[in-house]
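Single-structure report; data block below.
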Amino acid sequence: MARLAIFASGNGSNFQAIAERILPTRHTVEFLLCNNKNARAIERAKKLGIPYYLVNYRGEKRENVEEVILNYLSKHRVDLIALAGYMKIITEKLIEPYWKKIINIHPALLPKYPGTNAIERSYASKDRELGITIHYVDTGVDTGPIILQKSFIRDGNESLEEIEKRIHRLEHLYYPQVVVELLDRIGEKIE
Ligand code: GRF
């Protein structure tokens, strides 16, 4: 078995999709880490019976918050961290000890449209092929080594809402799958 932590800031639909996929396996979702007390992700964690930690960045140095996060991670002996709509930049302090142990999902085909509002920006483009990227996290914004990309071809008549739905459907299908594969690999090494 291997231990997962999920970081989310908002809605938490990816958090829930991953958690539901992991719960019946031998792996564990140790906790949700959230920086927003009003996040729907917290409600989802409560319903799923998954513990959560709330961190507050306001008025705090990023390094101090990451120190707190490092303590949670080592206390729970976390093997893998999945960022799922975590709207905070993560620094070297966290990345260095967890290199290739932190992954992220991005709702566009990187290296195109990194950063925020990626769905809107790819929708507004002339690109016919849209999709998602799952990648390792490095110190840049959405620049780390790519693990998996999945895409679809649009005909151009879709509304933004329809495109969003298609993107989220891909996310909810493939992000949990990648997480389980990585946990399986980590678990084999540990056992
Ligand atoms: C997803 O579109 C993900 O790709 C991006 O943030 C969004 C989070 O959605 N990084 P949710 O909170 O999982 O519903």
Side-chain angles (χ1 to χ4, degrees), residues 1-56 65-66 68-88 90 94-95 97-107 118-119 131-137 142 144-152 164-191:
M1 65 85 85
R3 299 178 176 83
L4 175 74
I6 304 172
F7 293 12
S9 302
N11 180 26
S13 68
N14 281 282
F15 158 70
Q16 182 169 342
I18 296 168
E20 284 174 347
R21 176 74 178 75
I22 302 291
L23 285 174
T25 71
R26 61 196 205 286
H27 306 303
T28 57
V29 182
E30 288 293 318
F31 59 83
L32 164 74
L33 185 110
C34 188
N35 64 305
N36 166 13
K37 65 175 178 1
N38 299 317
R40 180 142 178 243
I42 293 179
E43 296 313 313
R44 296 183 194 261
K46 285 182 187 164
K47 273 200 192 129
L48 289 159
I50 293 171
Y52 67 92
Y53 291 115
L54 201 52
V55 284
N56 179 22
V65 180
E66 291 191 350
V68 172
I69 296 175
L70 281 170
N71 284 332
Y72 294 147
L73 292 170
S74 65
K75 185 176 149 202
H76 287 265
R77 292 188 286 144
V78 164
D79 300 300
L80 183 72
I81 300 161
L83 307 185
Y86 192 59
M87 302 305 283
K88 289 286 172 188
I90 283 180
L94 254 177
I95 292 167
Y98 286 92
W99 174 242
K100 289 255 178 125
K101 297 277 182 276
I102 310 177
I103 61 173
N104 182 42
I105 178 118
H106 187 74
I119 300 183
I132 61 160
T133 305
I134 297 164
H135 64 96
Y136 291 108
V137 172
D142 302 320
I146 289 173
I147 303 169
L148 182 76
Q149 292 191 300
K150 287 286 169 185
S151 67
F152 59 90
E164 275 171 345
K165 267 196 197 141
R166 286 185 80 171
I167 298 257
H168 293 312
R169 231 181 285 138
L170 284 185
E171 292 185 333
H172 299 159
L173 183 63
Y174 289 104
Y175 202 18
Q177 198 169 300
V178 167
V179 168
V180 169
E181 277 168 23
L182 292 176
L183 290 172
D184 283 347
R185 246 186 268 163
I186 294 166
E188 277 164 24
K189 277 190 208 144
I190 296 172
E191 282 149 10

message = Less than 3.5 Å apart, any donor N or O on the side chain of His172 or Ser13 sitting next to an acceptor on the other?
response = yes
Any residue meeting ring-ring contact (aromatic ring centres under 6.0 Å, His included) with Phe152, in chain and number order, not counting sequence neighbours = none
Qualifying residue, where the test is side-chain contact (heavy atoms from CB on, under 4.5 Å) with Ile81 and the options are Ile95, Leu33, Ile69, Ile102 = Ile102
Considering all heavy atoms, the nearest Tyr136-Lys100 contact = CE2-O, 3.4 Å
Sequence neighbours excluded, every pair satisfying salt bridge (charged side-chain N to carboxylate O under 4.0 Å, His left out) that has a member inside residues 74-85 = none
inquiry  = Among Ile132, Ile103, Val180, Leu148, which residue satisfies the side-chain contact (heavy atoms from CB on, under 4.5 Å) criterion with Tyr175?
reply    = Ile103
request  = Please name all residues satisfying ring-ring contact (aromatic ring centres under 6.0 Å, His included) with Phe7, sequence neighbours left out, ordered by chain then number.
outcome  = Tyr86
message = Given 3.5 Å as the limit, does a donor-acceptor pair link the side chain of Ser9 with the main chain of Met87, or not?
response = yes
message = For residues 176-186, which residue pairs pass the side-chain hydrogen bond (donor to acceptor under 3.5 Å, both in side chains) check, not counting sequence neighbours?
response = His27-Asp184
inquiry  = Just by distance, no angles: are the side chains of Asn56 and Asn35 close enough, under 3.5 Å, to form a donor-acceptor pair?
reply    = no
All ring-ring contact (aromatic ring centres under 6.0 Å, His included) counterparts of Phe31, not counting sequence neighbours = Tyr53, His76
Pairs meeting criterion salt bridge (charged side-chain N to carboxylate O under 4.0 Å, His left out) with involvement of residues 35-46, two or more places apart = Glu43-Lys46
